[in-house]
Structure formats: C-alpha cells, structure tokens
Participant: 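Below you will find the structure I want to go over with you.
This is a predicted model, so every value here is computed, not measured. Atoms within a ligand are numbered from 1 in the order they appear, just like the ligands themselves.
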Amino acid sequence: MLSVKLNDITFSSPLLNASGCFNPELFNTMAPLNESMGGVVTKTVTQEPRPGNLQQRTVELPGIGMLNSIGLQNPGLNYFLETEVLMLAQYGVKIILSLSATSIEGFGTMVEIVTNHPNGHWVDAIEINLSCPNVAKGGVDFGISPGRVKACTEATVQASKCPVFAKLTPNITSILPVAEAAIEGGASAISAINTVVGCSIDIKNKKPYLNRISGGYSGPGIKPIALHAIWQIHHHFPETPIIGIGGISSANDVLEFMMAGASLVQIGTQSFRNPMIFSKIHQDLMAYGQSEGLQHLTDLTGCAHSQKMKRQSLIQ
Ligand SMILES: Cc1cc2nc3c(=O)[nH]c(=O)nc-3n(C[C@H](O)[C@H](O)[C@H](O)COP(=O)(O)O)c2cc1C
C-alpha cells in the first residue's frame with residue numbers, strides 16, 4: 001500500500017531521510033528502520049573531501065527547529081564509493097547519492113566517476129544539491145539562477161545512467177522558474193525544499209550563535225513554506241514527481257505533503273530528536289490507509305488540488 005514507483009524505481013515506502021540528517025549506522029542498532037524507509041539519501045558528497053565550516057555550526061531553536069551551517073563536510077566521492085556505498089548496500093534500501101559541485105562541468109565529472117566505478121551500480125538515483133545555503137560556491141548561488149539550475153541538471157542527466165532529482169532552495173522569490181529550469185534540464189523529480197536562511201543571536205554574549213552568522217533553518221517551523229513550494233510546483237508542473245521536504249514530524253504531515261503534490265517525502269531535523277520516527281510514521285500511514293480503504297497511498301498525491309477545483313466550481 002505504501003510503495004511508490006518513480007521512473008523505474010520502486011520505493012517500498014514513501015519515507016526517505018533528508019540529506020545530512022541521518023546516520024545509516026542506526027540500521028545496525030535499532031529496530032529495523034530499513035523496513036520503514038524506502039531509501040537512504042546520502043550526506044551531500046563533493047568530489048574532494050571538505051572539512052566544513054568552523055564551529056559553532058548548529059543552534060537549537062526550541063519548539064521550532066534548528067539552524068545549521070555545517071558547510072557540506074564530507075569525506076569526498078572516492079571514499080563514498082569505496083566504503084559508504086557498500087555499507088548502505090547491505091541494508092537493501094534504495095540509495096540516493098546527493099552530489100554537489102562548484103562548477104557545472106563538475107556535476108558531469110562526478111557522475112562519470114560514479115558510473116565508471118565498480119561500486120557505482122549500487123547508486124539508484126542522484127539528487128543534485130543546488131541549494132546549500134552554507135557554502136560560498138555551488139549552493140544557493142547555483143540554485144537561484146534558472147540558467148545554472150538547468151545547466152547543472154543537464155550536465156548530470158547527460159552523464160547519468162540513473163534518475164536525477166534536483167533539490168531546490170526556498171531562498172528565492174518564487175520557486176517556479178528554477179523548478180521549470182530543472183525540468184527542462186531533464187530532472188526526473190524535484191526535491192523541495194532545502195533549508196531557509198536564518199540567524200539567531202546569543203544575547204548573553206551579544207553576538208550571533210553561528211560562526212558564519214547565518215545558516216539554514218530547518219524543522220517544524222518551515223513546514224508551511226515547504227508546503228507552499230510543493231503546492232506551487234505541483235499546480236504548475238503536475239506531471240513532475242515531487243519529493244517533499246521540510247519540517248515533517250508526523251504521519252499527518254506526510255499526508256499534507258502528499259495531498260499538496262508530493263509522491264515521496266524526506267524527514268530531516270525531527271529524526272535527530274527521534275531516530276525511530278520512520279517506523280512510527282510508517283505504522284501510522286498504514287493505519288490511515290487501511291481506515292480510508294486506500295489501495296495505494298500515492299492515490300492521494302495532489303488530491304487537495306482537485307478538492308480546491310471542486311470548491312471553486314461550486315462557488316461559480
Ligand atoms: C544538520 C543538517 C545538515 C544538512 N546537510 C544537508 C546536506 O548535506 N545536503 C542537503 O541537500 N541538505 C542538507 N540539509 C537540509 C536537509 O536535507 C533538509 O532539506 C532540511 O533540513 C529541511 O528538512 P527538515 O525540516 O525535515 O530538516 C541539512 C540539514 C541539517 C539540519
């Protein structure tokens with residue numbers, strides 16, 4: 001009932017983790033998380049290792065989420081292909097490799113490295129991170145420009161043997177031009193949204209908490225922003241699958257995202273608070289589907305739009 005088909009990939013569940021917010025070693029230590037997750041999205045990987053930004057890089061915002069300015073700390077693509085991908089492969093979940101590059105050609109080069117590596121076949125899909133607010137080059141600076149979004153997506157799609165998802169930023173007046181650019185570039189799906197730029201001040205020390213002053217805001221407070229983005233993308237590009245991200249903490253949240261237009265969802269910040277959130281939401285979605293007599297949960301995708309149309313026609 002919960003499986004989702006996207007291109008040629010069948011995800012056993014619509015629940016994925018959000019990049020940078022999940023430690024796959026949890027598969028070893030807790031109840032079978034891989035049964036409730038349709039796939040794992042890796043931490044964003046760059047071609048060379050990155051140490052990330054200087055401390056302080058995270059701030060908790062009680063009740064509403066957190067700020068981070070990690071800055072894409074990662075051990076580099078070669079380490080991922082030699083080590084991490086094999087660790088993930090043993091759990092039988094789909095593997096979505098999140099990639100970031102500092103140039104358009106860099107995306108193509110990284111995908112060629114993946115394709116030509118003996119372990120590259122374990123990667124089921126690629127998510128290009130065009131939206132990190134915490135790096136000087138290759139993040140939001142790419143993601144706010146429709147031309148660069150299209151070019152980065154095209155470079156990735158042309159080199160890739162598997163579907164490419166474009167992860168977009170909400171830090172822009174309207175997400176639609178960049179969503180359209182990603183679709184024109186050949187993206188198989190849109191992942192939305194990455195974090196919202198924010199700041200927090202330590203009043204005791206009279207300075208920002210984050211060394212980089214601002215960072216990416218995530219968690220329950222950004223849910224309405226994410227839902228708005230997903231609603232808009234689905235309304236304008238109803239044929240394009242959407243992977244909804246932003247502030248999800250319950251099955252009801254997942255249902256909202258699906259009704260707004262998402263086919264799959266990713267859960268980030270709330271999984272820090274409760275790593276078992278995937279199992280709980282999975283159970284609750286099954287119970288909901290049974291009580292509603294649904295055959296496929298994805299029948300709900302975008303259904304709130306048609307309700308709106310019905311309401312409008314009643315008014316006329
Ligand atoms: C600590 C932290 C690290 C993150 N690292 C990445 C990353 O490497 N790549 C990426 O695309 N998004 C990254 N994100 C953004 C999340 O994947 C997600 O888009 C965002 O947090 C919104 O979802 P949430 O409200 O469920 O956390 C990170 C978020 C957090 C909190």
Participant: Looking at N68 and T58, would you say the former's side chain and the latter's main chain have a donor-acceptor pair under 3.5 Å?
Facilitator: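 No; zero donor-acceptor contacts below 3.5 Å.
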
Participant: Would you sort out whether N74 and T44 count as a side chain to side chain donor-acceptor pair (under 3.5 Å), showing the intermediate values?
Facilitator: CA-CA 7 Å; N74 78 93; T44 295; over 6 Å; no

Participant: Rounded to the nearest 0.5 Å, what separates atom CD1 in I128 from atom CG in L99?
Facilitator: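 So the CD1 of I128 and the CG of L99 are separated by 8.5 Å.
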
Participant: Is the backbone of K204 close enough, under 3.5 Å, to the side chain of D202 for a donor and an acceptor to pair up by distance?
Facilitator: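 Flag set: sc D202 to bb K204 pair under 3.5 Å.
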
Participant: Nearest protein heavy atom to atom 2 (C) of ligand 1, by residue and atom, and its distance?
Facilitator: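 For atom 2 (C) of ligand 1, the nearest protein heavy atom is N68 ND2, 3.5 Å.
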
Participant: Less than 4.0 Å is my threshold; does some heavy atom of I193 fall inside it relative to ligand 1?
Facilitator: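 The answer is yes: ligand 1 sits under 4.0 Å from a heavy atom of I193.
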
Participant: Looking only at distances, please establish whether an N/O atom of ligand 1 is found under 3.5 Å from an N/O atom of K167.
Facilitator: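 Between K167 and ligand 1 (N or O atoms, distance only) the closest approach is under 3.5 Å.
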
Participant: State the atoms of ligand 1, each with its element, that fall below the 4.0 Å cut-off from a heavy-atom position in L72.
Facilitator: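 The list of qualifying atoms is 8 (O).
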
Participant: Decide whether an N or O pair under 3.5 Å exists between G268 and ligand 1.
Facilitator: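 By distance alone, the answer is yes.
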
Participant: Could you grab the distance from atom CZ of F11 to atom CG of L2, nearest 0.5 Å is fine?
Facilitator: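 Atom-to-atom, F11:CZ and L2:CG are 14.0 Å apart.
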
Participant: Can you list the atoms of ligand 1 that are under 4.0 Å from a heavy atom of G247?
Facilitator: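 Per the distance check, 24 (P), 25 (O), 26 (O).
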
Participant: Return the residue, atom name and 0.1 Å-rounded distance of the protein heavy atom closest to atom 6 (C) of ligand 1.
Facilitator: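 Protein heavy atom at minimum distance: S19 O, 3.1 Å.
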
Participant: Under 3.5 Å, N or O to N or O, is N129 touching ligand 1 that way?
Facilitator: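 Yes, there is a polar N/O contact under 3.5 Å.
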
Participant: For atom 21 (O) of ligand 1, what is the nearest protein heavy atom, given as residue, atom name and distance?
Facilitator: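 So the nearest neighbour among protein heavy atoms is S218 CB, 3.2 Å.
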
Participant: What about T195: any of its N or O atoms under 3.5 Å from an N or O on ligand 1?
Facilitator: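 No, there is no polar N/O contact under 3.5 Å.
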
Participant: Test your reading of the structure: does T269 have an N or O sitting under 3.5 Å from an N or O of ligand 1?
Facilitator: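 T269 vs ligand 1: N/O contact under 3.5 Å present.
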
Participant: K43 heavy atoms, cut-off 4.0 Å: which ligand 1 atoms fall inside?
Facilitator: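 Counting atoms of ligand 1 from 1, those under 4.0 Å from K43 are 5 (N), 6 (C), 7 (C), 8 (O).
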
Participant: Would you check the N or O atoms of T44, main chain and side chain alike, for any that come under 3.5 Å of an N or O of ligand 1?
Facilitator: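 For ligand 1, there is an N or O atom that lies under 3.5 Å from one belonging to T44.
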
Participant: Specify the protein heavy atom at minimum distance from atom 3 (C) of ligand 1: its residue, its atom name, and the distance to 0.1 Å.
Facilitator: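 Looking only at protein heavy atoms, the one closest to atom 3 (C) of ligand 1 is G20 O, 3.4 Å.
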
Participant: Assess whether side chain to side chain contact (heavy atoms under 4.5 Å, CB included) is satisfied between Y91 and M37, documenting all intermediate values.
Facilitator: CA-CA 11 Å; Y91 298 110; M37 293 173 71; over 6 Å; no

Participant: Regarding ligand 1, does A18 bring an N or O atom to under 3.5 Å of one of the ligand's N or O atoms?
Facilitator: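 By distance alone, the answer is no.
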
Participant: Answer yes when K223 and E256 have at least one side-chain N-carboxylate O distance shorter than 4.0 Å, and no when they do not.
Facilitator: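 Salt bridge flag = yes for E256 with K223.
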
Participant: Which of the atoms of ligand 1 are close to I245, meaning less than 4.0 Å from one of its heavy atoms?
Facilitator: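 In order of numbering, the contacting atoms are 18 (C), 19 (O), 22 (C), 23 (O).
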
Participant: Looking only at side chains, do T169 and N171 share a donor and an acceptor under 3.5 Å apart?
Facilitator: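 Yes, a side-chain donor-acceptor pair sits under 3.5 Å.
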
Participant: Please list, chain by chain and in numerical order, all residues satisfying side-chain hydrogen bond (donor to acceptor under 3.5 Å, both in side chains) with S131, sequence neighbours excluded.
Facilitator: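 Residues passing side-chain hydrogen bond (donor to acceptor under 3.5 Å, both in side chains) with S131: N129, N194.
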
Participant: If I apply the N/O under 3.5 Å rule, does C21 come out as touching ligand 1?
Facilitator: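 Between C21 and ligand 1 (N or O atoms, distance only) the closest approach is not under 3.5 Å.
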
Participant: How many angstroms lie between CZ in F257 and CH2 in W231, if you round to the nearest 0.5 Å?
Facilitator: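 That separation rounds to 13.5 Å.
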
Participant: Can a donor-acceptor pair be found, under 3.5 Å and without considering hydrogens, that links the side chain of S12 to the backbone of G38?
Facilitator: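 No; zero donor-acceptor contacts below 3.5 Å.
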
Participant: How far is atom 15 (C) of ligand 1 from its nearest protein heavy atom, and which residue and atom is that?
Facilitator: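 For atom 15 (C) of ligand 1, the nearest protein heavy atom is N194 OD1, 3.4 Å.
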
Participant: How does T58 reach ligand 1, by side chain, by backbone, by both or by neither, if only non-hydrogen atoms under 4.0 Å count?
Facilitator: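 Looking at T58 and ligand 1, no heavy atom falls under 4.0 Å.
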
Participant: Does the side chain to side chain contact (heavy atoms under 4.5 Å, CB included) test come out yes or no for N17 and F278, once each step is laid out?
Facilitator: CA-CA 8 Å; N17 65 290; F278 298 96; 3.9 Å; yes

